[in-house]
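Only one structure is covered here, and it is reproduced in the block below.
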Amino acid sequence: MKRTKIIEILKSDVPGDKFFFKGWVRTRRDSKTFSFIEINDGSCLKNIQVVADDTLEHYEDIKKLTTGSAIAVTGTLIESRGKGQKWEIQAEKAEIISIAPDTYPLQKKRHTDEFLRTIAHLRPRTNKYGAAFRIRSELSYAVHKFFRDRGFRYLHSPIITGSDCEGAGEMFRVTTLAPDSPSKKDGKPDYAQDFFGKETNLTVSGQLSAEMFALSLGDVYTFGPTFRAENSNTRRHAAEFWMVEPEMAFCDLTENMEIAEAFIKYLSSYVMEECPEDLELFAKFVDKTLMRTLENIASSEYVRLPYKAAVKILNRSGKKFDYPVDFGKDLQSEHERHLTEKHFKKPVIVYDYPKDIKPFYMRVNDDGETVAAMDVLVPGVGEIIGGSQREERLDVLKSRMNEMGLSQENYWWYLDTRKFGTVPHSGFGLGFERLIMLVTGIRNIRDVIPFPRTPNSIEF
RNA sequence: UCCCCAGUAGCUCAGUCGGUAGAGCAGGUGGCUGUUAACCACCGUGUCCGUGGUUCGAGUCCGCGCUGGGGAGCCA
């Protein structure tokens, strides 16, 4: 008999069908002449309750089934006589696959997130983490669907990069040189002897690649791992995370913001539509305001706020900030939080930032002091998207690179696109983990990625 | 990297004024019951994070270190 997943069994609308299924025991309750076994196979949040009578073969062994054990069951679907579940399975055959010893760390009670992080290899077997990672999977699909439906092409940008400065923070070095290699030059590793013949790192962004392809295929996006060697110790940062980076040709900042807003709205609607059961768990146990937040994210008009206007609002707020607000200074977390959580109480897109605090590739505005940058700020998570219209004018781009001390030689291929058929284009980066935090209400990035990499932490 | 907080049984925590550690859950045994984090009775459990100090005496006070968490910066 073919195995059926529990999610399919529970979709039944008539009793009487015979099923064969496998899973892990979540809990067992014994009665005089039979035993209730709740089984979960990870296909959905719900367990299926199995009624195992003492007339079954190996019933003595069935009574030894502990939480975490694995079992295969053949039985008939019947309407449950108890409360709490519609269906249950009257077992005809129960075959024990393995018994988990009583040292199994997951118990039938609530554990702290901190403890579960120490057993990251087992935590997806809990309701909460199972739900989080099913949602993560569904949202990955939704990302592809959103872009594909709009005619975007999916680009695999490289993980190893030779660009010595992608401009987004500290990088992890990639090398095949032995640590004690004698091939040193002026006390530094002699990269000419290295695998690629030059210094290489893990990528901090697929943007530059995406620009090249946007200027060829039109609309493209990347979706892959990204690495930052920053010594960041916060609940919002990881050294390895996944980023979605669309890049659009013939697209200005306004259209860029429209796509960013539509993207977040699509993803939050998608998860409400496709993952109601898993979402309900988070609304119940993690964040009581989650559904209201999601409705807000999915259906409110996002505020468009020039940086200068943001500074004005903050200065007039009457609120004492730890850091002063002033043109030319970047907005601090406390400022972003005030705008999105207190003042507007919904997502806010701040744009046209001072050029001195932004990277070389952002397009200089006509005022000469701001660039066409935008950040999407959401309540609770903060910055979830950062993007810009890219500088397409060769002369302006070159002088910006000079100002910032970047070598044009290393970017000859990047500059080529401004030489040959340059066009206005724009793009942004969305932190995928931050999106999952937003839609689940989970407060720590370490709990939305299977095996988190953070400073001093890479056990799994 | 900086600031703040925490570390006690397998897990979640309590521990008074400095006087030699205890509860729930989990586990074991028995009972009961179409049960729902089942219930009832009984049973065991400790490098009190490590290290140095103060003290007659330290889980408790002080120094240093380690680990974890929160906030800040960096950003997605």
Side-chain angles (χ1 to χ4, degrees), chain A residues 26-38 46-47 49-53 64 66-68 78-85 88 90 100-119 126-127 166-170 204-207 222-245 260 285 321-323 329-337 357-359 375-378 381-387 428-438 443-449 454-457 459:
Chain A
R26 280 297 177 80
T27 178
R28 206 192 76 247
R29 292 176 291 270
D30 291 328
S31 197
K32 195 172 211 164
T33 58
F34 59 93
S35 189
F36 291 112
I37 314 168
E38 283 198 44
K46 281 205 179 97
N47 304 327
Q49 175 163 287
V50 172
V51 181
D53 287 335
K64 288 186 196 131
T66 51
T67 301
I78 55 173
E79 276 181 72
S80 180
R81 284 153 66 186
K83 284 176 197 155
Q85 62 280 316
E88 64 191 18
Q90 181 67 51
D102 62 22
T103 48
Y104 185 61
L106 291 172
Q107 301 176 3
K108 295 185 284 184
K109 62 164 206 164
R110 199 190 152 270
H111 288 292
T112 59
D113 293 327
E114 288 80 4
F115 171 68
L116 291 170
R117 261 170 237 155
T118 69
I119 49 167
T126 64
N127 287 339
E166 290 187 16
E170 293 294 312
V204 292
S205 165
Q207 181 196 320
T222 72
F223 182 14
T226 310
F227 308 88
R228 304 272 166 92
E230 299 288 346
N231 188 16
S232 296
N233 291 284
T234 82
R235 62 182 182 85
R236 302 184 309 281
H237 291 87
E240 178 182 302
F241 63 99
W242 284 60
M243 190 153 63
V244 183
E245 294 180 285
F285 299 114
F321 293 109
D322 293 337
Y323 293 87
K329 291 199 170 89
D330 209 352
L331 298 180
Q332 305 290 313
S333 291
E334 56 173 347
H335 306 143
E336 297 180 350
R337 238 180 293 120
I357 57 172
K358 291 291 180 186
D375 285 349
V376 181
L377 312 175
V378 291
V381 174
E383 182 178 345
I384 194 166
I385 279 180
F428 61 82
L430 170 127
F432 190 59
E433 283 74 20
R434 290 187 182 174
L435 172 79
I436 298 163
M437 291 167 73
L438 178 70
R443 302 266 305 160
N444 195 309
I445 197 167
R446 298 174 184 96
D447 299 332
V448 296
I449 190 163
T454 54
N456 263 315
S457 171
E459 179 68 19

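Numbered from 1 within each chain, the chains take letters A, B, ... in sequence-line order.
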Of the candidate nucleotides [options], which contains the atom at the shortest distance from the side chain of [X]?
X	options	value
A/V51	B/G34, B/C75, B/G69	B/G34
A/S31	B/G69, B/C75, B/G34	B/G34
A/R443	B/G71, B/G34, B/U35	B/G71
A/R228	B/G73, B/A76, B/G68	B/A76
A/R236	B/U35, B/A72, B/C11	B/A72

I want to check something: taking the side chain as every heavy atom from C-beta on, are A/D113 and A/N444 in contact at a cut-off of under 4.5 Å?
no
(Q) Counting C-beta onward and ignoring hydrogens, is there a side-chain heavy-atom pair between A/M437 and A/R235 closer than 4.5 Å? (A) yes
Less than 3.5 Å between a donor and an acceptor, one on the side chain of [X] and one on the base of [N], is that the case here?
X	N	answer
A/H111	B/C11	no
A/S232	B/C75	no
A/Q107	B/G27	no
A/N233	B/U1	yes

pair_partner(B/C61), Watson-Crick or wobble, both distances < 3.5 Å, evaluates to B/G53
Can you check whether [X] has a side-chain N or O nearer than 4.0 Å to OP1 or OP2 of [N]?
X	N	value
A/R446	B/G70	yes
A/T234	B/G73	no
A/K83	B/U36	no
A/K108	B/A38	yes
A/R235	B/G70	no
A/T112	B/U12	yes
A/Q49	B/U35	no
A/R337	B/A72	yes
A/R29	B/U36	no
A/R117	B/G69	yes
A/N231	B/G73	no

So what does [X] hit on the nucleic acid, given a heavy-atom distance under 4.0 Å: a base, only sugar-phosphate, or nothing?
X	result
A/N444	sugar-phosphate
A/F115	sugar-phosphate
A/G429	sugar-phosphate

- Give the ring-plane orientation class for A/F115 versus A/H111, where under 30° counts as parallel, over 60° as perpendicular and anything between as tilted. tilted
Got a donor-acceptor contact below 3.5 angstrom from the [X] side chain to the [Y] backbone?
X	Y	value
A/E245	A/G429	no
A/R434	A/E383	yes
A/Q85	A/K83	yes

*So, are A/R29 and A/E38 salt-bridged, with charged N and O less than 4.0 Å apart?*
yes
- When rounded to the nearest Å, what value does the distance between P atoms of B/A9 and B/G15 take? 15 Å
The residue, A/S333 or A/L430, whose nearest nucleotide of RNA chain B is more 5′ is A/S333
- Message: So is the aromatic ring of A/F34 stacked onto the base of B/G34, judging by whether the centres are under 5.5 Å apart and the planes are under 30° apart?
- Response: no
